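For reference, the structure is listed below as structure tokens.
Both ligands and their constituent atoms are indexed starting at 1 by order of listing. Being a predicted model, the structure only gives us computed values, none of them experimental.
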Amino acid sequence: MSAPFQTLVVGGGMITADLILPSLYHLQRRGVLGEITICALGSGPLRALSDNVDIREAFPRSSFVAQPALATAPEKNHPDLFPSLIAAMPPRQLVVVAVPDQMHYSVVMQALHGNQHVLCVKPLVLKYAQALEIEREAQARGLFVGVEYHKRFDRRALVARRDYRLGRFGELVMGDAKLIEPYYYRHSNFQNWFLTANTDPFTYIGCHYVDLVYFITGLRPSEVSLAGVKRRFPNGNEGYLWSSGRVRWENGALLTVTNGLGYPDLAAGSNDQGLIMFCEGEGKTGMIRHDDHYRGVAYSYLDARGPGGSHYNYVSPDFFRLVPWAGEGLKPVGYGYDSIEAIVEAAALVEKAGADLPEKQALAARRAAAAEIDAMGIVATPANSSINELVVEAARMSILADGRPSRILYEPSGARVE
Ligand SMILES: NC(=O)c1ccc[n+]([C@@H]2O[C@H](COP(=O)([O-])OP(=O)(O)OC[C@H]3O[C@@H](n4cnc5c(N)ncnc54)[C@H](O)[C@@H]3O)[C@@H](O)[C@H]2O)c1
């Protein structure tokens with residue numbers, strides 16, 4: 001392993017609190033990461049992260065550098081702080097991108113221009129051409145970009161990928177995926193950016209299951225239609241808060257994708273999700289069914305401590321939990337943590353490939369290491385996951401045209417959406 005990465009997280013919202021920061025703290029505890037800085041728009045979210053009781057209990061000795069500083073007035077915004085923080089980093093460290101979807105492109109490109117490896121939450125970007133640009137820029141500099149599609153690390157997805165590729169189900173013909181996030185999300189900072197012009201539930205979370213079907217089958221999507229239902233957030237802003245999508249795949253198969261911000265707060269949750277895939281073989285059919293909602297654990301609490309204030313809950317021990325371990329505090333477990341760990345370790349592997357080599361050989365060695373990770377197809381990279389950008393681009397075009405289908409064409413000159 002090369003020297004521990006100095007890490008800058010841009011974005012201090014929900015995903016940083018729920019997944020990224022605890023995962024990074026554990027990697028820091030393991031010696032993989034060095035100092036961690038978190039930059040948010042203002043000090044408010046950083047104060048909330050620093051005071052987060054679950055994180056403090058799990059990592060009693062860990063801390064991050066807040067940018068802007070915690071003492072700064074919380075109502076003051078600092079939208080232009082992160083570029084100077086990237087510019088001040090030593091080269092070839094790590095930038096974690098956890099800002100709203102429509103900002104990913106600009107932050108990722110600034111990180112690459114600043115010679116930093118990148119971990120970006122999904123979706124990487126909203127345009128296919130941007131994903132290609134990111135891929136080229138990273139390759140030119142021998143840097144690694146990993147996209148945090150954590151469902152790829154769910155053990156059930158890994159089992160299904162292997163079995164599907166061994167021909168044990170036949171070929172996908174019809175599927176149905178669903179991911180409905182809780183109603184209470186409508187009260188969060190989402191009100192300020194989850195607007196009709198920026199994103200929609202399919203782009204936000206439907207992409208997880210589209211990526212998963214691609215991850216399991218290797219099939220490429222060829223057509224997307226997406227219709228949405230507009231609703232107002234509590235602050236009056238309008239967003240698509242429900243969406244219904246249909247993806248056709250290159251073999252003619254169809255996948256419907258239902259998404260929304262509306263799972264009842266008081267229902268056993270925190271959300272509702274799952275995937276069913278029907279496949280055809282010779283003279284019989286096969287099936288993959290993942291119940292990603294009820295994973296076999298149900299708790300009824302004395303108080304209303306469930307997400308959304310519920311008592312009775314379906315608890316997923318699979319995605320992300322902080323659990324007792326043979327060490328101080330608590331340790332993160334689950335495919336959310338596995339995914340972050342895999343991306344950070346991939347970046348470290350690429351970095352290490354060039355360590356102690358003259359510049360030209362180091363670049364070649366790092367490119368070769370990154371290409372190997374691309375080809376393996378487990379950790380999502382711009383090269384092996386940009387079907388998602390094609391789908392998101394097609395989906396945004398479709399939803400803004402009231403569900404008119406958009407086609408994805410794979411031509412010798414490259415792929416494009418029309
Ligand atoms: N399941 C998943 O993989 C998953 C889940 C949730 C969110 N996400 C993704 O994570 C991203 C962030 O989502 P979230 O839920 O944390 O949103 P959020 O609204 O809770 O947080 C966004 C953060 O970005 C910060 N920010 C905005 N502009 C900034 C700027 N100019 N400089 C620095 N910081 C800035 C805000 O201060 C805030 O802390 C989105 O792209 C979302 O799609 C992924």
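Looking at Asn388 and Asp211, their side chains do bring a donor and an acceptor atom within 3.5 Å of each other. Side-chain contact annotation: Asn271 with Glu181, donor-acceptor N/O pair under 3.5 Å present.
When only interatomic distances are considered, the shortest N/O to N/O separation between Pro79 and ligand 1 falls below 3.5 Å. Taking only nitrogen or oxygen atoms, main chain and side chain alike, Asp101 reaches within less than 3.5 Å of ligand 1. Between Glu148 and ligand 1, not a single N/O pair is under 3.5 Å apart. Taking any N or O of Thr16, backbone or side chain, none lies under 3.5 Å from an N or O belonging to ligand 1. When only interatomic distances are considered, the shortest N/O to N/O separation between His78 and ligand 1 does not fall below 3.5 Å. Residue-to-ligand polar distances keep Gly42 apart from ligand 1: every N/O pair is separated by 3.5 Å or more. For ligand 1, one of its N or O atoms has an N or O atom of Ile15 under 3.5 Å away.
Looking at atom 18 (P) of ligand 1, its nearest protein heavy atom turns out to be Asn189 ND2, 3.8 Å. Given atom 11 (C) of ligand 1, the protein heavy atom at minimum distance is Val99 O, 3.2 Å. The closest protein non-hydrogen atom to atom 32 (N) of ligand 1 is Phe82 CD2, 3.6 Å. Counting only heavy atoms of the protein, atom 1 (N) of ligand 1 lies nearest to His208 NE2, 3.2 Å. Here the heavy atom of the protein found nearest to atom 6 (C) of ligand 1 is Tyr204 OH, 3.3 Å. What sits closest to atom 9 (C) of ligand 1 on the protein, heavy atoms only, is Val121 CG2, 3.6 Å. Scanning all protein heavy atoms for the shortest distance to atom 44 (C) of ligand 1 gives Lys122 CE, 3.3 Å. Of the protein's non-hydrogen atoms, the one nearest atom 28 (N) of ligand 1 is Met103 SD, 3.5 Å.
The aromatic rings of Trp193 and Phe190 are tilted relative to each other, their planes meeting at an angle between 30° and 60°. Classified by interplanar angle (parallel below 30°, tilted 30° to 60°, perpendicular above 60°), the ring pair Tyr335/His150 is tilted.
In terms of heavy atoms, Gln130 sits closest to Tyr105 at CB-CD1, 3.5 Å. Shown here for Ile55 and Ala17, the closest heavy-atom pair between the two residues is CD1-O, 3.6 Å. Pairing each heavy atom of Ile216 with each of Arg165, the nearest pair is O-NE, 3.2 Å.
Residue contacts with ligand 1 leave out Ser188, since none of its heavy atoms falls under 4.0 Å from the ligand. Using a non-hydrogen distance threshold of 4.0 Å, Trp193 registers as a contact of ligand 1.
Contact check for Val118 versus Leu94: no side-chain heavy atoms found under the 4.5 Å cut-off. Residues Tyr204 and Tyr185 form a side-chain contact, since some pair of their non-hydrogen atoms from C-beta on lies under 4.5 Å apart. Taking 4.5 Å as the limit, some side-chain heavy atom of Glu171 sits within range of a side-chain heavy atom of Tyr164.
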Review point. Would Glu148 and Ile343 count as a side-chain contact (heavy atoms from CB on, under 4.5 Å) if you check the C-alpha gap in whole Å, the side-chain angles of each, and the deciding distance to 0.1 Å?
Key: CA-CA 8 Å; Glu148 211 280 288; Ile343 293 173; 4.1 Å; yes
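Nearest to atom 24 (O) of ligand 1 by heavy atom, out of Ala40, Cys207, Pro100, Gly13, is Pro100.
Short contacts between ligand 1 and Cys39, defined as distances under 4.0 Å to a heavy atom of the residue, involve ligand atoms 33 (C), 34 (N).
The salt bridge (Lys or Arg N to Asp or Glu O under 4.0 Å) test with Asp318 singles out one residue from Lys151, Arg155, Arg295, and that residue is Arg295.
With a heavy-atom cut-off of 4.0 Å, Leu41 touches ligand 1 through backbone and side chain alike.
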